[in-house]
Every structure is written in structure tokens, then in C-alpha cells.
Protein chains: 2
Amino acid sequence: MAEVTGQATGLSKSQLSYQWIKARISDSTFTPGYRLVLGAIGKELGVSAVPVREAIRRLEAEGLVTFERNVGAQVAMIEETEYLYTMQTLSVVEGVATALSAPFITGADIARARTVNQEMIAFLEDLNPHRFTELNLEFHSILFENCPNPHILDLVHRGWNRMQVLRDSSFSFVPGRARESVAEHENLLQLIEAESPALTLELAARAHRTGTMDALLAYQKSHHPHQTPESSPRKRS
Amino acid sequence: MAEVTGQATGLSKSQLSYQWIKARISDSTFTPGYRLVLGAIGKELGVSAVPVREAIRRLEAEGLVTFERNVGAQVAMIEETEYLYTMQTLSVVEGVATALSAPFITGADIARARTVNQEMIAFLEDLNPHRFTELNLEFHSILFENCPNPHILDLVHRGWNRMQVLRDSSFSFVPGRARESVAEHENLLQLIEAESPALTLELAARAHRTGTMDALLAYQKSHHPHQTPESSPRKRS
DNA sequence: GTATTTGAAATCATATACGATCTCGCGGAG
DNA sequence: CTCCGCGAGATCGTATATGATTTCAAATAC
């Protein structure tokens, strides 16, 4: 019997909802403050509200969405302190991830990473922030993909997801930081090649993130003193 | 109108289920491998399966429960590698948490912590593992409660929760480790009092956890070479 | 004109119902 | 005796329905 019962994808509807919403947040269709209405999303996806609710709860656990009882969910609005917390945590886990991965990184990996970094350098004069950020992610992914501790890798990914919510604040917008960043990348590669002590590498990687954070904070402070995004109101008939 | 509609507690049913299950895991009513059946738990709590499901999903996200589609949930069985991952992550976040908290720790905090540690020392001769573990938690809680970064504090708590699932492997069972541990505690307190550099403190705190991990692993390896807990079967009529 | 009340719409929260899927024991074939 | 297929029961997954709660704006009082 080749009768497909409607579960051909093998993907549960809650999983589907989860990925759909996450994608919308990633590509900025749903910007911070956007109200996520269970029924509306369910209708759009052709599922009921229950699986959508579950998906939103998962996104809440990951810090991408805030959820208030009897009120609803909205894409997380990360204000400055929250941003600082995330970046600080990220600096720590990225540092450890880099140090733990190092012994497993091959010469080929280094070469790949260096190629990516070269491409970033090529962008320095004529900056394409979106592509630059993408390359930056790719660079660090190469460094991390060998991390032997999946929990730490997971924490890194969670941090990145949260960062993605505010991708417009991407560091590549901060003048001068991009140039510093690629230099630090090369430094990291050399430390790995030299088989530097784990702690040296960890602190270098941590400082790399911390430097980005400080630069971004200083920049934001001087340009957008007090930006409070409006929360979208409830729809009325 | 003093008509209470049945929501007097202000606790949603999914939240209630979450806390109830978590408590059962903590006090070892539900041991690793225990099957969590949505309907059965719901009936016991007087709620339907939907909120129970949501609660279980949250516990899954925290790593306390595993959930398989169309099969069900059971309390996570943490085998050695998984245990190592958790401990390693915990050592990192506890290290950072300690270092970040230090500047905010008062003399009174130190005194409290030292009292707790004294009580632990008193237990050294006549070891009560359960109480010892409790005191250990209290000691570190005092050190962490001033942590300015709630994300990192949250990671510490998650790690502790996971450790609690396998509390029988508590470090206080490892001969000699308890004595080492309280000595390290005193050392940490002195580092804080001396206002040591953040990195010094961080690494000391990290080593404290790492030492526990290593001792426990060595001990387990020599005593329980291959312990595979049985998964409880589905109930039949 | 401003503050307060009030009611209807929107939305969340969960119980119930039902279909889908997995598990496990039983019985027959080899 | 062992292996395989099958079917009943258990359980999950989600649609639907309904109650509870919040929000918003218009109407009212001052």
C-alpha cells in the first residue's frame, strides 16, 4: 500500500512551525518586537495553534522570542544590557570552543579558513556588510566544526542565533573594526598552526569577541543614544 | 466580585506540570530511564496531556528528559561521554561566574561561605553524602548569587540540574576528593579576599570543578566498568 | 478637555476527540 | 526451537471547541 497518510515529510508540524518562524526571524521578515500570533501563523502554515505554540515555546527557551501569559509572543527585543550579557557569554564559549577544537584542526582547515579571511580582506575597501558577516560566520565555523564537546558548540550556536536577531547591529558597520577583526583572525590561525597552549588560544579568541563587543557598544553609544523599538499593537477589526 | 474562577494560584497548568516533573526528577522519584507518559502524568495532576507535553518539551530543552516521536519521553540517561561534556561546560561557566561575581562579594558573604565550608569540614570524618552535596551547592551559590550576567548564571543552574539527574555519582562518594574540595573552597575564598585578578580566580574555580570531574571519572572507571541502565518498557494491560 | 468605566473583540490556555504510529506478545512457518 | 508477520493496545500528535484573560476604544462622568 503506497498510501501516504500526510506525513510524507517525516517532519512534525511543531517542528515545521519552529523552523518556519526561525527562518523568518533570521531573514528579518519578523523583526524584533513583531507580534507572533498563534492562530495567524497556524493558518498561514495550515496547522492549528497547538503546534505553533510549542514551537514558540522552544524559541522562547532559546531566547529568540519573549512570551507572556494571555498576552502573546513577540520577537525578542534585545536592549543594551541583554546584548552585553549575550556577547559576554558568547565570548567565553567561543573562546573555549576554539581552544578545544584546535587539536583537531588540520592544515586543510587552516587553508580554507585563510581563504575565507582573504575574501574578507578583499571586502575591506568596498564593504558589503551582509556578505562580510556571512564570511565571518564561515570563518569561525571552520574553527569550531571540530569541537569535541557538542554542548559548548550548541551554546555558540545559540549565541549566534540571538545575535542574528539584531543583525543590523552587525560589527562590520563599525568603522575600523572590520580591519582589526581580519587581523585577529590571521593571528588566531597562526596560534593554531604554532600549536599554542590551549589557554593562550582561548584568551585570544575570547578577546576577539570582546573587542567586537566593545567597538560596537562605543559606536552605538555615539550614534543611537536611545533607540526603543515600538511594540506592534494588537490587531483590531 | 470575589468570584475566583479556578486560577487562584496564578500558575499555568503547563508551568505546574513542569515544576512537578522537575521536582520528581530532583528527588529521584523519577530516576534516569523512567518513562514519562503524558496521559498518566496529566491524570495524576488533574490536567490534560497538552500542558504536560509542553512541560516535557521544556525539560527536554534543558537536557533533563529525552523525547522521541510517537514513542514518548523518559528521564535522561547520562552516560559517560555526555557526563563529561556537561562537566566540562560547567567548569567553564562556573569559572566565569565566580570571576564575574567576585567584585560584588562582600565580607559578609565570605563569612557565610566560610561557615558553610566549616560545616563541610565537620562532615569529613563522618560523611553524609547527601548533606555534603547540599552544603557544596550552598557554598557555590553564595559565590555566584552576585553574578552580574544572568545568562551565565542560568547556564550554571542548567548544569547543576543535569548533574542532579545523576546525583548518585555525587563527588562526595569519591574517597579523598571531599577533603581536597573543601581545601580548594578555602583557597577560592582567599583569592576573592585578596582581590586577585579575574583570570586567576576564573582558572582556580575551573580547576576546582575539573578536579572533581577527574576524580569521579577515575573512581567510576575502577568501580563500575560498564553500567548500562535498563530502559523501562511500555506498560501493557 | 481629561480621566474613568465598560463592553466587545482578540488572543491565549487547555480540555476533548480522533487519527497516526509505535510496541509487544502471540501464533504459525521453517 | 527460532524467526517472522500480524494485530491489539498503548501512546503520541494535532485539530477543534470552549473558557479565561487581556486589550483597546468608545462612551460617560467630571
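Letters A, B, ... are given to chains in the order of the sequence lines, protein chains preceding strands, and every chain is numbered from 1. These numbers come from a predicted model, not from an experiment.
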Would you kindly give the [atom1]-to-[atom2] distance between [X] and [N], to the nearest whole Å?
X	N	atom1	atom2	answer
A:L38	C:dA10	CG	C1'	12 Å
B:Q74	C:dT23	CD	C1'	14 Å
A:R69	D:dT21	CZ	P	7 Å
B:E68	D:dT11	CD	C1'	13 Å
A:L11	D:dT14	CG	C1'	14 Å
B:Q15	C:dT14	CD	P	10 Å
A:R35	D:dT22	CZ	P	14 Å
B:E54	C:dC12	CD	P	13 Å

Hits for salt bridge (Lys or Arg N to Asp or Glu O under 4.0 Å) against A:E62, two or more places apart or cross-chain, chain-then-number order -> A:K22

The residue among B:V96, B:L153, B:V93 that forms side chain to side chain contact (heavy atoms under 4.5 Å, CB included) with B:C147 is B:L153

Are any of A:R53's side-chain N or O atoms less than 4.0 Å away from OP1 or OP2 of C:dT14?
->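 It does, given that an N or O in the side chain of A:R53 lies less than 4.0 Å from OP1 or OP2 of C:dT14.
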
Sorted by chain and residue number, the side-chain hydrogen bond (donor to acceptor under 3.5 Å, both in side chains) partners of A:R58 (sequence neighbours excluded) come out as A:Q15

Expected rows: protein N/O vs nucleotides 15-19 of chain C N/O, under 3.5 Å:
residue : atom : partner : partner atom : Å
C:dA15  : OP1  : B:K13   : NZ           : 3.2
C:dA15  : OP2  : B:S48   : N            : 2.5
C:dA15  : OP2  : B:S48   : OG           : 2.3

_Distance-minimising heavy-atom pair for A:S17 and A:V52_ =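 Closest pair (atom of A:S17, atom of A:V52, distance): OG-CG2, 3.9 Å.
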
Practice prompt. Would you kindly say whether A:T106 and A:D109 are connected by a side-chain donor-acceptor distance under 3.5 Å?
Written response: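 Short answer, yes.
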
B:R57 bridged to B:E60 by N-O distance under 4.0 Å: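 So B:R57 pairs with B:E60 through a salt bridge.
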
Review point. For B:I56, which contact category applies under a 4.0 Å heavy-atom criterion: base, sugar-phosphate, or nothing?
Key: nothing

Exercise. Considering only D:dC12, C:dA13, C:dT14, which nucleotide approaches the side chain of A:R57 most closely?
Worked result: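 Ranking D:dC12, C:dA13, C:dT14 by closest atom to the A:R57 side chain puts C:dA13 first.
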
TODO: State the NE2-OG1 distance between A:H151 and B:T89, to the nearest 0.5 angstrom.
DONE: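 If I round to the nearest 0.5 Å, the distance is 6.5 Å.
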
